[in-house]
Every structure is written in structure tokens, then in C-alpha cells.
S.K.: 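Would you mind keeping the following structure in view while I ask a few things?
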Amino acid sequence: MNILLIGSGGREHALAWKMAQSPLADTVHSAPGNPGMDEISPCFDVAADDVDALVKLALQVEPDLVVIGPEAPLALGLADILRARGFDVFGPSREAAQLEASKAFSKARMVKYGVPTAAYGEFTEAAPAKAFLRKMQAPYVLKADGLAAGKGVVIAATLEEADAEIDEMLSGKFGSASATLVIEEFMHGEEASVFVITDGEGAIYLPAAQDHKRAHDGDTGPNTGGMGAYAPAPVVSEGIMHRVKREIAEPMLRGMAKDGIPYQGVLYIGIMVTDEGPKVVEFNARFGDPECQVLMKGLAGDIMPAILASATGGLKGNEAAFEALLELDRFQPAAAVVLAAKGYPGAYEKGSVIEGVEAAGALPGVTVFHAGTDIGPGNRLVAKGGRVLNVTASGATLEEAVARAYAGVDAINWPEGFCRRDIGWRALKA
């Protein structure tokens with residue numbers, strides 16, 4: 001097959017890298033891609049959120065399958081338009097993608113289908129939002145309703161902080177994304193991410209992963225899009241995974257289908273493992289970033305049959321066969337360390353030169369995925385974004401995977417970058 005992959009981040013580089021290994025894949029073109037993805041197959045300079053241009057590109061390239069990586073084009077309805085044109089697409093419809101694009105939509109669905117989650121309120125005005133806060137206990141969880149690049153969640157320690165955040169969000173801190181505000185009770189426990197590949201009926205569950213959202217060691221500093229991840233996450237035991245399937249994934253997929261909103265693609269279930277069991281923190285309509293990187297690195301088998309079946313149907317009743325092709329029983333522990341530009345998630349400089357990426361990628365078990373890179377003057381690799389590289393490694397144990405990932409980090413010469421030095425600490429401590 002000829003595959004067109006939409007996106008340009010580390011998640012998409014990992015998907016392209018993994019799909020290109022499949023005997024089912026001939027070429028894996030990307031739009032817009034990045035320098036790492038360009039080494040797999042030439043990229044097309046079309047922005048991931050330019051729906052009209054992407055549709056024109058698909059009509060020109062005529063791919064056998066379109067894989068949509070990031071959330072923005074899904075929320076804009078790219079999958080719907082391409083399916084209407086006759087293309088097979090991996091990714092949910094615009095309406096189904098509202099599970100990520102609107103926190104209020106997502107919470108309402110959870111309540112309707114009886115899926116365990118935190119108590120919440122939905123607000124467009126400050127006064128009732130602040131009154132609702134006073135019925136809750138600190139800390140306070142405030143979420144922008146719409147897409148905010150993974151940064152639209154604030155955990156306020158005091159009422160004063162929460163009141164100020166309400167004013168900022170409803171005054172446009174995240175633009176139209178925070179015109180509606182969701183306030184939730186704070187859930188105590190340990191977070192993890194579960195990924196379900198589905199065609200709307202059948203479902204395949206990948207190993208659970210754990211992200212690291214805070215910018216600095218010890219889970220301190222501001223929230224980010226993710227500073228590292230590892231899989232499998234031991235907090236998601238076999239019993240917890242069974243409950244996630246029975247109490248969360250199955251009711252959601254069944255309810256969405258019954259309501260005429262079948263979900264096709266990968267469903268990201270962010271959970272909190274509480275004393276009462278798993279509860280939903282959030283749903284996302286795509287693979288996590290950087291969780292996708294550790295999943296693709298750790299998978300021993302072929303991802304393409306499952307992705308294709310999600311797009312075209314046929315998973316239900318055949319899950320065991322697709323799981324066998326994925327070789328889930330041979331999944332290798334994997335860890336990813338994000339190298340970010342100093343200042344991220346705030347203001348940061350672009351254009352600094354990065355050296356040593358090839359040397360890092362030559363180390364045992366290490367693969368470096370590009371996330372925010374470009375080719376600068378003199379054909380040198382330069383930083384283009386906030387999260388710039390994902391140094392990812394697998395090993396016989398998580399300890400080995402983490403050690404290999406940090407060996408890769410240390411082989412890279414980029415003084416303008418930084419990373420966390422404690423990725424995987426919860427599992428390693430345990």
C-alpha cells in the first residue's frame with residue numbers, strides 16, 4: 001500500500017517508522033512531515049490543519065490509506081471529507097473527535113454511558129463557576145473546553161488561584177478553547193494511558209503507558225504536552241486493564257455506536273487509578289505524544305493490519321488474530337525522553353543547531369524521533385519547536401530501556417535544550 005500520514009511531530013515520525021517496516025507498506029509519505037520523516041519517504045509541504053490542501057493532495061497522490069496523526073485535522077472533519085471522497089482513513093469523524101475537542105461533550109457522554117469519571121460542572125460565566133468552586137475541596141481542576149495543545153488544564157492549589165484562573169480562561173487565555181470552562185473534582189491516584197484501536201465494534205488494547213506532563217524533575221513546573229513516557233506501566237495491572245475494558249472502553253464504544261457516532265481509529269483513554277478503581281481523566285482522539293513513540297518502539301509485530309482493519313472494518317470477532325500479528329506477548333519495555341527548547345512550555349528560541357543525533361541513533365536499542373526540527377543553513381539540523389526530539393529506547397527491562405534512552409540523550413550536543421532526568425521514576429521506584 002501507499003500510505004499518506006498527516007502530521008509532523010514525534011508521534012507521526014514514530015508511526016511512519018513503524019508502518020514503513022510492514023510488508024503491507026510500499027511508501028509512507030507525510031504531510032507536512034519533518035526531517036526525520038523525510039528520510040523514510042519524501043514529505044509534502046502541506047500543513048496538517050489545511051483541510052482543503054490536504055484533500056487536494058490526497059486526490060493527487062491517491063493513497064490506499066490515510067492515517068491522521070494529530071487532533072486538529074480530526075476536529076476540523078478531515079476524516080469525514082476524505083471518506084466521502086472514497087478514501088480509507090484511520091481516524092475518527094469530526095463528531096466522534098469531539099471526545100477530545102470538547103471536554104464538555106466528553107463528560108456528558110461519560111455521564112450518559114455510566115463511565116466512571118470525576119464530578120464536574122460546565123460554565124461560560126465567572127460568577128457561577130466561582131460559586132461551584134466553593135462546593136468543592138482543594139486542589140481545583142480547571143479545563144479549557146476546547147483544544148489547547150495539551151496545555152489547557154490548570155490545577156489550582158487555592159481558591160484565590162482558582163478564581164484568578166477562571167477569570168483568565170473565560171477572558172480568552174486559550175482563545176475560543178476556553179470560552180467554556182469545565183471544573184472537576186481532583187482525583188487522587190496514579191495516571192496512565194490506555195490506547196484502543198477500534199473500527200467502532202471490535203477493539204485491540206495496546207500495553208498501557210505513562211506520560212510525564214510536568215516540565216521538570218519530581219513532577220514540578222508547568223504542564224506541558226509531555227516530557228517523556230514509558231511502557232508498559234505497572235500501575236495498570238491485568239485486573240485494572242480488565243476494568244478499563246469492561247467499565248470504560250466497551251460502554252463508550254457501544255454508546256457512541258448506538259447514538260450514531262461510531263468511533264474509528266485509536267481511542268486514547270487517560271485514566272486515574274484510584275482506590276475505587278480506574279476513572280477517566282480525559283479521552284483523546286489520537287495516539288498520545290510521546291506515548292506513541294514508546295508503543296511503536298516496544299511493539300515486536302506489525303501495526304499495519306490493525307490500522308487497516310480499523311479504517312475498513314473487520315476487527316470484531318478477529319481481535320485475537322490481529323493481536324497475534326502485533327505480537328503483544330513479545331512487547332519490549334520502552335522509554336522516551338523528550339528534549340525540549342529551554343523556556344518551553346513558555347517562550348523559547350528557534351534555530352539553534354543540534355548535533356549528535358545520528359550518533360545517538362546508532363547506540364544499542366535507541367531510535368531518535370524528530371518532533372520539532374528543521375534543516376537550517378549549511379544543511380544542519382536546527383530546533384523549530386518547543387518539544388524538539390524524542391530519544392526513545394527499548395530493552396530487556398524498563399531499567400535498561402531508560403538507561404539506553406539517557407545514553408542517547410547524552411550523545412546529543414544541544415546546549416539550548418533540556419530534558420527531565422527522572423523518566424519512569426514511578427515504575428523504577430516500585
S.K.: Calculate, to the nearest 0.5 Å, the distance between atoms OH and NZ belonging to Tyr140 and Lys130 respectively.
M.R.: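 If we round to the nearest 0.5 Å, Tyr140:OH and Lys130:NZ are 13.5 Å apart.
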S.K.: Side chains of Val66 and Ile68: closer than 4.5 Å at any heavy-atom pair?
M.R.: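 Val66 reaches Ile68 side chain to side chain.
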S.K.: Under the side-chain hydrogen bond (donor to acceptor under 3.5 Å, both in side chains) criterion, do Thr367 and Trp17 qualify, and how do the steps go?
M.R.: CA-CA 10 Å; Thr367 302; Trp17 173 81; 4.5 Å; no
S.K.: Return yes if some donor-acceptor pair links the side-chain N/O of Asp374 with the main-chain N/O of Lys384 below 3.5 Å, else return no.
M.R.: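 Absent.
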S.K.: Give a yes or no on whether the backbone of Asp217 and the side-chain of Asp422 come within a donor-acceptor separation of less than 3.5 Å.
M.R.: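 Checked: no pair found.
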S.K.: Between Ile197 and Ile303, does the side chain to side chain contact (heavy atoms under 4.5 Å, CB included) criterion hold? Intermediate values first, please.
M.R.: CA-CA 10 Å; Ile197 296 176; Ile303 191 75; 4.1 Å; yes
S.K.: From the options Val338, Val366, Leu363, Ile423, select the one residue that forms a side chain to side chain contact (heavy atoms under 4.5 Å, CB included) with Val391.
M.R.: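 Option passing the side chain to side chain contact (heavy atoms under 4.5 Å, CB included) with Val391: Val366.
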S.K.: Determine, step by step, whether Gln293 and Asn390 satisfy the side-chain hydrogen bond (donor to acceptor under 3.5 Å, both in side chains) criterion, reporting the C-alpha distance in whole Å, the side-chain angles of both residues, the deciding distance to 0.1 Å, and the verdict.
M.R.: CA-CA 8 Å; Gln293 290 85 311; Asn390 309 143; 2.6 Å; yes
S.K.: Looking at side-chain heavy atoms only, is the closest gap between Lys143 and Met169 below 4.5 Å?
M.R.: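 Side-chain contact under 4.5 Å: no.
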S.K.: Check whether any side-chain heavy atom of Leu99 sits under 4.5 Å from a side-chain heavy atom of Tyr263, and report yes or no.
M.R.: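 Yes; the side chains approach each other to less than 4.5 Å.
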S.K.: Atom OH in Tyr205, atom OG1 in Thr198: separation rounded to 0.5 Å?
M.R.: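 Output value for this atom pair is 8.0 Å.
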S.K.: Keeping the roles fixed (side chain from Arg387, backbone from Gly226), state whether a donor-acceptor pair exists under 3.5 Å.
M.R.: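 Side chain of Arg387 to backbone of Gly226: a pair is present.
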S.K.: Which residue, Arg426, Arg214, Lys213, forms the side chain to side chain donor-acceptor pair (under 3.5 Å) with Asp219?
M.R.: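 One option only clears the test, and that one is Arg426.
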S.K.: Any side-chain to backbone donor/acceptor pair from Gln264 onto Gly200? Under 3.5 Å, distance only.
M.R.: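 Here the side-chain-to-backbone pair does not exist.
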S.K.: With a 4.5 Å cut-off on side-chain heavy atoms, are Arg11 and Pro70 touching?
M.R.: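 When only atoms from C-beta onward are counted, Arg11 and Pro70 do touch, with a gap below 4.5 Å.
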S.K.: Just how far is it from atom CD1 of Ile307 to atom OG1 of Thr312, taken to the nearest 0.5 Å?
M.R.: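 Separation between the atoms: 11.5 Å.
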S.K.: Which of parallel (below 30°), tilted (30 to 60°) and perpendicular (above 60°) describes His13 and Phe369?
M.R.: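 Perpendicular, since the angle between the ring planes exceeds 60°.
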S.K.: Can you tell me how far apart CD (Glu185) and OH (Tyr120) are? Round to the nearest 0.5 Å.
M.R.: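 OH of Tyr120 is found 12.5 Å from CD of Glu185.
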S.K.: Check whether any side-chain heavy atom of Leu76 sits under 4.5 Å from a side-chain heavy atom of Arg94, and report yes or no.
M.R.: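 No - every pair of side-chain heavy atoms lies 4.5 Å or more apart.
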S.K.: To the nearest 0.5 Å, tell me how far Leu299 CG sits from Phe331 CZ.
M.R.: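 Interatomic distance, Leu299 CG to Phe331 CZ, rounded to 0.5 Å: 5.5 Å.
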S.K.: If you apply the rule side chain to side chain contact (heavy atoms under 4.5 Å, CB included), what do you find for Glu165 with Asp163, and how did you get there?
M.R.: CA-CA 5 Å; Glu165 192 62 41; Asp163 283 344; over 6 Å; no
S.K.: Could you walk me through whether Asn2 and Thr27 satisfy the side-chain hydrogen bond (donor to acceptor under 3.5 Å, both in side chains) test, starting with their C-alpha distance in whole Å, then the side-chain angles of each, then the deciding distance to 0.1 Å, before giving a yes or no?
M.R.: CA-CA 5 Å; Asn2 294 318; Thr27 57; 2.8 Å; yes
S.K.: Can you tell me how far the NZ atom of Lys297 sits from the OG atom of Ser394, to the nearest 0.5 Å?
M.R.: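 Here the interatomic distance stands at 4.5 Å.
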S.K.: Take Phe90 and Ile3, measure what side chain to side chain contact (heavy atoms under 4.5 Å, CB included) needs, and give me the verdict at the end.
M.R.: CA-CA 11 Å; Phe90 178 78; Ile3 300 160; over 6 Å; no
S.K.: Lys18 side chain to Met304 main-chain N or O, any donor-acceptor pair under 3.5 Å?
M.R.: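 Not a single qualifying donor-acceptor pair exists.
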S.K.: Using modelled atom types and a 3.5 Å cut-off, is there a donor and acceptor pairing between side-chain atoms of Asn284 and backbone atoms of Glu100?
M.R.: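 Checking the backbone N and O of Glu100 against the side chain of Asn284, no donor-acceptor pair under 3.5 Å is found.
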S.K.: If we only count heavy atoms from C-beta on, is the Lys279 to Ile271 side-chain gap below 4.5 Å?
M.R.: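 Contact flag for Lys279/Ile271 side chains = no.
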S.K.: Run Phe132 and Phe123 through ring pair (Phe, Tyr, Trp, His ring centres under 6.0 Å) and show every step you take.
M.R.: CA-CA 9 Å; Phe132 182 78; Phe123 306 93; 5.2 Å; yes
S.K.: Please check: side-chain N/O of Asp259 versus main-chain N/O of Ile261, any donor-acceptor pairing under 3.5 Å?
M.R.: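 The answer is no, because no donor-acceptor pair under 3.5 Å joins these two groups.
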S.K.: Specify the closest pair of heavy atoms between His188 and Thr274, including all atoms of both residues, with the distance to one decimal.
M.R.: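 Minimum heavy-atom separation between His188 and Thr274: O-CG2, 3.4 Å.
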S.K.: Does a side-chain heavy-atom distance below 4.5 Å link Ile6 with Leu4?
M.R.: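 Side-chain contact under 4.5 Å: yes.
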S.K.: Treating Glu291 as the side-chain partner and Ser193 as the backbone partner, does any N or O pair qualify as donor plus acceptor under 3.5 Å?
M.R.: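 Not confirmed, Glu291 side chain does not pair with Ser193 backbone.
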S.K.: Can Leu381 and His370 be said to form a side chain to side chain contact (heavy atoms under 4.5 Å, CB included), step by step?
M.R.: CA-CA 10 Å; Leu381 189 70; His370 292 235; 3.7 Å; yes
S.K.: Before accepting this row, confirm whether a basic side-chain N of the pair Glu184/Lys107 lies closer than 4.0 Å to the acidic partner's carboxylate O.
M.R.: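 Counted as a salt bridge, because a side-chain N and a carboxylate O are separated by less than 4.0 Å.
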S.K.: Under the 6.0 Å and 45° cation-pi test, does Lys342 pair with Tyr348?
M.R.: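 The answer is no, since Lys342 fails at least one limit relative to Tyr348.
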S.K.: Hey, are the side chains of Met256 and Tyr113 touching, using non-hydrogen atoms and a 4.5 Å cut-off?
M.R.: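 Met256 reaches Tyr113 side chain to side chain.
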S.K.: Under the 3.5 angstrom rule, does the side chain of His212 hit a backbone N or O of Gly228 as a donor-acceptor pair?
M.R.: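 Yes: the side chain of His212 pairs with the backbone of Gly228.
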S.K.: Does Arg246 come within less than 4.0 Å of Glu250, counting only side-chain N to carboxylate O?
M.R.: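 No salt bridge links Arg246 with Glu250.
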S.K.: I'd like to know if the side chain of Asp145 and the backbone of Ala104 have a donor-acceptor N/O pair within less than 3.5 Å.
M.R.: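 A pair under 3.5 Å: yes.
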